Amino acid sequence: MKRFAALTLAVLMLLTVFASAASAVPTAKDSIEIRGPVYNGSSINDIISTLGDAGATMNASNFAAFYYDPNDNVTTESLSIKNVAGNSGNVIGEHGLVYQTTIQPVAFKYAAWGTYNVLRLFEDKFVPLKSSDASKLTKLVVDSKDKFPIKVGESKDLGQNYSLQAKQVNIDGKKVWLELDKDGQHVSDQIITLDGVDQTWTCKLPVLGLDDVPVLKIHINQVFQGTSDTIVQIDGLWLIDYANAMTINVGEFGKLNDFSINGPSILISNKDSFVMPRDSKQEIGHGLYFRIADTPSNMIRFYAFKQITDPGTYQIRGRVVSNSQDFTWTASNFAGFFYYDLNEDITTESLSVSGINGRVIPVNGLKYSTTIKNVPYKYTNWGTYPVVGLFGEKYVALSPTDASKIAKLAVDSKDKFTVKIGENKDLGQNYSLQAKQVNIDGRQVWLELDKDGQHVADQIITLGGGDQTWTCKLPVLGQDDVPVLKVHINQVFQGTADTIVQMDGLWFIDYANAVKISANDEFGNLNAVSINGPTLNIQNKDSFTLAKGSKKEIGQGMSFEVFDSDRLIYYPFVEQTLGNIGNKTIVTTSATTNVTAGNASVNQTNVPTVTTENVPVANETTAANNTTKEEKKTPGFGVILGITGLLAVVYFVRRNR
């Protein structure tokens, strides 16, 4: 029996070792959110009646997750909230949520060929076999106008096991014999005459019962006869994966489960009522979600977003603008980049253009602005604190009336956590909170804030039914009494072996890396800084041109994408990268900030920039950074306890043999 008890205890100790080791590994956000417009009203019906059918529809112009071709100004997708009988309060009735996608023409990269048809179905881009039928689709393999050579007698790999072979050339007759192969087998061939008119081979095949479906287009630029080789140069190539074409008859996409095809359009709606509980995230289907704010029962506020988990680089864009009109982007139409607090419906940032002459933005015609706003602490008894968005990131202003001195928020939480007397709570960024001593009789707790293992400040808090909060204030960037830490003690537990301090409110800023923005700072082409109390304005000292078909950097990761058209059409965007580093996944936006941190000037490159819910982890000591619900534990501490326990078990077993 003693051996059984010892064995059981040993197993428990092993579990302690592994569980403790796992808890020491930081977590990172593993997705990017591309957000749509915010809908706000007393009910679903109120939102629809206020906005109308057009306002309650999301498409590529206001939802960057939907497919958009900037060169052709083409989109195929929309998501609409319809006025149906079952709508009420926070419920969308049956068939009231409708996803629709419709075939649209886009230009071949080789412009002389005109257009071909595309259709986007959620994240997948398809080429319809017929312009009037959305049921027969395949994937695009290649669409290119780049030049490439093929030697006569050799093959060019086109991808997906398709290849192109230059079989023979008749120089005198100016003819080229080409062959299309699939899996190394002949599919079709053609002799193209080089007459300077249309040196294109359009290969047509029967696919899914349809005759003469264009599956390949090739344009021959010229033929070169060398001393040993004959080279065919091609400057236009388009190919679809016809061998894997498919017929779509029915499909279910999460709660979008009523599927129909009407000629060139696919419509998918909800068979059942769609309930949107407040303070929740609800999946629509195929990576689409609604995020619903924590509002009173007489209000509802929400937005749709696309959750992306595959590593890669993704474009987050603002609303498209045509011609030289004045325009302003905010968190509502540059969604997913500018800072936005859904629960409080608070945004601080804007980007505006004015006075454009032709394609030229004049001096001071581009203006980025952000203004301090107050948001409530998660621990509600503390009231509010000042925040300011800066190029999509949430900062805390050191003073509610000065936007020039800011620090990143590290933790804002109302979740309960415990600290043993004599132990540390890791706050991330090498900050820690220590419970030093407890006076049970006097009902007092002694806490200490450390940075890099060194004492910063401490406080004795009296437990007596009043405000059991320690607000630690420090001098930061020359400003006295800046609140940098708030801790609320819930209770103290005196056990037989340990004394535990339980806390249920924690707020903390990274004051040691606070930054000061001055008039000399530059943010790319935004290089004229002015600070007016709680408002920061940054404009352009120099004019710059929105050249046709260009990407023009604004600054701080933002750029303008300008359409390749005679009419000025453009939009702002940032590119966010979801990538793997070791066992972590981080979300970053490439940007450079010149600011003053503490007393030293810092050039921060590749500053993590995220949407409202995306929290990057910069290194293995920062899992608590920007999180509200995760406890941090001192890395390795649980492992030491586990090993100590195992040694005790070994001693216990030997003693009882």
Side-chain angles (χ1 to χ4, degrees), residues 29 31-66 77-84 86-100 122 253-257 268-270 272-308 316 318-319 330-348 373 375-376 378 389 394 610-614 628:
K29 298 301 288 188
S31 66
I32 288 175
E33 289 186 7
I34 303 179
R35 179 166 61 80
V38 177
Y39 294 103
N40 199 354
S42 60
S43 66
I44 295 295
N45 283 330
D46 175 55
I47 291 170
I48 296 173
S49 62
T50 301
L51 298 177
D53 288 341
T57 296
M58 290 157 271
N59 52 40
S61 69
N62 58 8
F63 191 11
F66 283 157
E77 300 172 278
S78 67
L79 180 68
S80 302
I81 304 172
K82 299 292 187 180
N83 184 11
V84 296
N87 290 345
S88 66
N90 64 336
V91 178
I92 299 175
E94 296 174 11
H95 307 292
L97 186 61
V98 180
Y99 171 87
Q100 179 172 336
F122 296 101
F253 302 86
K255 293 178 181 178
L256 294 170
N257 49 14
I268 319 172
S269 63
N270 55 313
D272 307 305
S273 295
F274 190 104
V275 181
M276 297 196 290
R278 289 165 178 82
D279 194 20
S280 72
K281 166 185 167 183
Q282 298 295 313
E283 184 173 11
I284 301 168
H286 230 62
L288 288 177
Y289 295 82
F290 280 133
R291 190 176 299 284
I292 304 99
D294 185 10
T295 59
S297 59
N298 62 345
M299 291 182 60
I300 184 167
R301 183 165 55 250
F302 62 95
Y303 58 73
F305 68 93
K306 173 77 172 182
Q307 183 166 300
I308 297 173
I316 314 297
R319 185 179 287 274
T330 65
S332 65
N333 54 18
F334 198 176
F337 178 60
F338 284 157
Y339 163 70
Y340 178 68
D341 186 311
L342 176 63
N343 285 334
E344 304 303 322
D345 195 23
I346 286 176
T347 182
T348 78
K373 299 287 181 64
V375 299
K378 289 291 197 314
K394 179 181 178 180
V610 297
T611 59
T612 307
E613 297 297 326
N614 290 328
T628 61

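Computed from a predicted model, the values in this text were never measured in an experiment.
Residues passing the ring pair (Phe, Tyr, Trp, His ring centres under 6.0 Å) test with Phe122, sequence neighbours excluded: Tyr99, Phe253, His286. Among residues two or more places apart in sequence or in another chain, the ring pair (Phe, Tyr, Trp, His ring centres under 6.0 Å) test is passed with Phe274 by Phe290. Every side chain to side chain contact (heavy atoms under 4.5 Å, CB included) that Val84 has, sequence neighbours left out, goes to Lys82, Asn87. In this view, Tyr39 and Phe302 satisfy the ring pair (Phe, Tyr, Trp, His ring centres under 6.0 Å) rule, not counting sequence neighbours. With sequence neighbours left out, the side chain to side chain contact (heavy atoms under 4.5 Å, CB included) criterion links Ser280 to Pro277, Gln282, Ile292.
The NZ atom of Lys394 sits 9.0 Å away from atom CD1 of Ile346, with the distance rounded to the nearest 0.5 Å. To the nearest 0.5 Å, atoms CE (Met58) and OG (Ser78) are separated by 9.0 Å. Note that CD1 of Ile34 is 4.0 Å distant from CD1 of Ile316, once rounded to the nearest 0.5 Å. Atom CG of residue Asn257 and atom CG of residue Asp272 lie 6.0 Å apart, to the nearest 0.5 angstrom. For the atom pair CG (Leu79) and CD1 (Ile268), the distance works out to 10.5 Å, reported to the nearest 0.5 Å. With rounding to the nearest 0.5 Å, the separation of CD1 in Ile284 from CZ in Phe305 is 8.5 Å.
Distance alone, capped at 3.5 Å, is enough to place a donor-acceptor pair between the Thr347 side chain and the Tyr339 backbone. Proximity of a side-chain donor or acceptor of Thr348 to a complementary backbone N or O of Gly389 within less than 3.5 Å is detected. Put simply, the side chain of Asn270 never gets that close to the backbone of Lys255: no donor and acceptor are under 3.5 Å apart.
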Checklist entry - Given Ile300 and Ile47, is the side-chain contact (heavy atoms from CB on, under 4.5 Å) satisfied, shown in steps? => result CA-CA 9 Å; Ile300 184 167; Ile47 291 170; 4.0 Å; yes
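In terms of heavy-atom proximity, Lys306 sits nearest to Ala65 at CB-CB, 3.3 Å. The minimum heavy-atom distance linking Asn343 with Asp341 is given by the pair N-OD1, 3.2 Å. Smallest separation of non-hydrogen atoms from Asn59 and Glu77: CB-O, 3.6 Å. Minimum interatomic distance between Asn62 and Thr57 (heavy atoms only, all atoms of both residues): ND2-O, 3.4 Å.
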Taking only distance into account, with no hydrogens and no angle test, what donor-acceptor pairs under 3.5 Å do side-chain atoms of residues 88-97 form with protein atoms, sequence neighbours excluded?
unit_1, atom_1, unit_2, atom_2, d
Asn90, ND2, Met276, O, 2.9
His95, ND1, Asp258, OD2, 3.3
His95, ND1, Ser269, OG, 2.9

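Both tests hold for Lys281 against Tyr289: distance to the six-membered ring centre under 6.0 Å, angle to the ring axis within 45°.
Salt-bridge check for Glu344 with Lys373: failed, with every basic side-chain N at 4.0 Å or more from each acidic carboxylate O.
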